[in-house]
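Here is the structure we will look at, set down as structure tokens.
Owing to the predicted nature of the structure, the values given are computational and were not obtained by experimental measurement. Both backbone and side-chain heavy atoms feed into the values below; hydrogens, waters and symmetry mates do not.
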Amino acid sequence: MKKEQVVHCQFSVWYPIFKKHTIKSLVLPLPQNVIDYLLDDGTLVVSGSDHNSQPIQTSDAEEDIQWSDDETTATATAPEFPEFTSAVLEAINALGGRVFPKLNWSAPRDANWIALNSSLQCCSLSDIFLLFKSSDFITHDLTQPFLQCSDQDSPDPVISYELVLRKWSELIPGGEFRCFVKENKLIAISQRDYTQYYQHILKQEELISQAIQEFFSQHVQYNFLDEDFVFDVYRDSQGRVWLIDLNPFGEVTDSLLFSWDELMSGEETAYQQQEGPVFRYTTSEVTVQPSPCLSYRIPRDFVDLSTGEDAFKLVDFLKLKKSQQEESEEEENPTQ
């Protein structure tokens, strides 16, 4: 995977090519002061011009806090992005009032746990900022987009960062698939949400594979800028296939039910010995796995403590706090 391939997979590069076959979207330039704000590890607040805005304390940076007289509440000064805020709200309204946000490459899928509805659906700039500032995927886009490229000795391309707003669509996870293309040949298809078992995939395996192959040959093959790439599709209830995203053919992209070793191997592999691509999906509930995004959420111990589900953890926690308090008192009142 080379830096040029990563550049080609930016949303604003591939969207004009496949606009007729994907979800309606709008792209807004991301001002530098907004980028700086997203990378600032401080208090998350947005301007009051956003109708859903409210301060959310995410750090202990006291210099950002103005305490009230009764010292029971804390407020912080919201950064002002009037022109950008206006453009975002206008775009959201133009897309029906609900959007799916992302940057040049990534969506904040690892941060949906922090939203009130555990969804990436956004209706305001504050919704977007909350997800973006909580996402490692977004931080990676902004700081290390070429981290795993093989041509590290070459200078990094100049990136113009953009906020992508996609019209909100209720996509059923069981209809999403990831497709791997090597030398402009569709070599592999993987169930996107491989952590779940969907019975309809097992029953419609041949139909799904055929629909994706036809979509690829008619609309995608030879139309993209690279011959090695990964694309995500959605097959709706009517059997129509839609393009959802394009990704670099390399380890920066999740290979799901395949390994990158087998996808990149030049040896005679299973997909080279058959006419069509290899199609892998979860075949039974026995093989269901936890979602990889769970690792980005609050530690399980914290959840158990807050809900009281594990009494032993609570007892251990109280003992620890008592021990720390006793040590603190001994330090403050040493024996003469």
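Hydrophobic clustering (ILVMFWY, side-chain heavy atoms < 4.5 Å, transitive): Ile35 and Ile159 are in one cluster. Hydrophobic clustering of Ile, Leu, Val, Met, Phe, Trp and Tyr side chains at less than 4.5 Å, counting indirect connections, unites Val88 with Leu38. Using a 4.5 Å cut-off between side-chain heavy atoms of Ile, Leu, Val, Met, Phe, Trp and Tyr, with links allowed through other members, Ile92 and Leu30 fall into the same hydrophobic cluster. No single ILVMFWY cluster, assembled from side-chain heavy atoms under 4.5 Å apart, contains both Tyr281 and Ile172. A chain of hydrophobic side-chain contacts below 4.5 Å, direct or via other Ile, Leu, Val, Met, Phe, Trp or Tyr residues, connects Val241 to Phe224.
Evaluation of the side chain to side chain contact (heavy atoms under 4.5 Å, CB included) rule for Ser217 yields Gln221 as partners, not counting sequence neighbours. When the ring-ring contact (aromatic ring centres under 6.0 Å, His included) test is applied to Tyr161, no partner is found at least two apart in sequence or on another chain. Applying the ring-ring contact (aromatic ring centres under 6.0 Å, His included) rule to Phe231 yields the partners Phe216; only residues at least two apart in sequence or on another chain are considered. Listed by chain and number, the residues in a salt bridge (charged side-chain N to carboxylate O under 4.0 Å, His left out) with Asp156 are Lys3 (sequence neighbours excluded). Applying the ring-ring contact (aromatic ring centres under 6.0 Å, His included) rule to His219 yields the partners His21, Phe215; only residues at least two apart in sequence or on another chain are considered. Scanning for side-chain hydrogen bond (donor to acceptor under 3.5 Å, both in side chains) contacts around His200 gives an empty result, with sequence neighbours left out. Considering only residues two or more places apart in sequence or on other chains, Gln213 meets the side-chain hydrogen bond (donor to acceptor under 3.5 Å, both in side chains) condition with Ser209. When the side-chain hydrogen bond (donor to acceptor under 3.5 Å, both in side chains) test is applied to Asp245, the partners found at least two apart in sequence or on another chain are Lys102. In terms of the salt bridge (charged side-chain N to carboxylate O under 4.0 Å, His left out) criterion, residue partners of Arg192 (sequence neighbours excluded) are, by chain and number, Asp232. Residues meeting the ring-ring contact (aromatic ring centres under 6.0 Å, His included) test with Trp14, sequence neighbours left out: Phe11.
A donor-acceptor pair under 3.5 Å links the side-chain atoms of Gln10 to the main chain of Val7, judged by distance alone. When atom types are taken as modelled, the side chain of Asp236 and the backbone of Arg240 share a donor-acceptor pair closer than 3.5 angstrom.
In this structure, the ring of Phe249 has its center no less than 6.0 angstrom from the ring center of Phe229. Centroid-to-centroid, the aromatic rings of Phe177 and Phe279 come within less than 6.0 Å. Ring pair Phe129/Tyr37: centre-to-centre distance below 6.0 Å. You'll find the ring centres of Trp242 and Phe18 outside the 6.0 Å limit.
Counting heavy atoms from C-beta on, the side chains of Leu202 and Tyr197 come closer than 4.5 Å. Using a 4.5 Å cut-off on side-chain heavy atoms (C-beta onward), Val233 and Cys179 make contact.
Pairs of residues two or more places apart, or lying in two chains, that qualify as side-chain hydrogen bond (donor to acceptor under 3.5 Å, both in side chains) and include a residue from residues 140-149 are Ser106-Asp141. For residues 23-38, no residue pair satisfies the salt bridge (Lys or Arg N to Asp or Glu O under 4.0 Å) rule, not counting sequence neighbours.
Between Arg98 atom CZ and Lys167 atom NZ the span is 8.0 Å, to the nearest 0.5 Å. Expressed to the nearest 0.5 Å, how far CH2 of Trp113 lies from OG of Ser119 amounts to 15.0 Å.
Within 6.0 Å of CG on Leu39 lie more than 12 heavy atoms contributed by other residues, nucleotides or ligands. The environment of CD in Gln152 is crowded: more than 12 heavy-atom neighbours from other residues, nucleotides or ligands sit within 6.0 Å. Surrounding CD of Gln32 are more than 12 heavy atoms belonging to other residues, nucleotides or ligands, all under 6.0 Å away.
Under 4.0 Å is where a charged nitrogen must lie from a carboxylate oxygen, and between Arg280 and Glu262 at least one such pair does.
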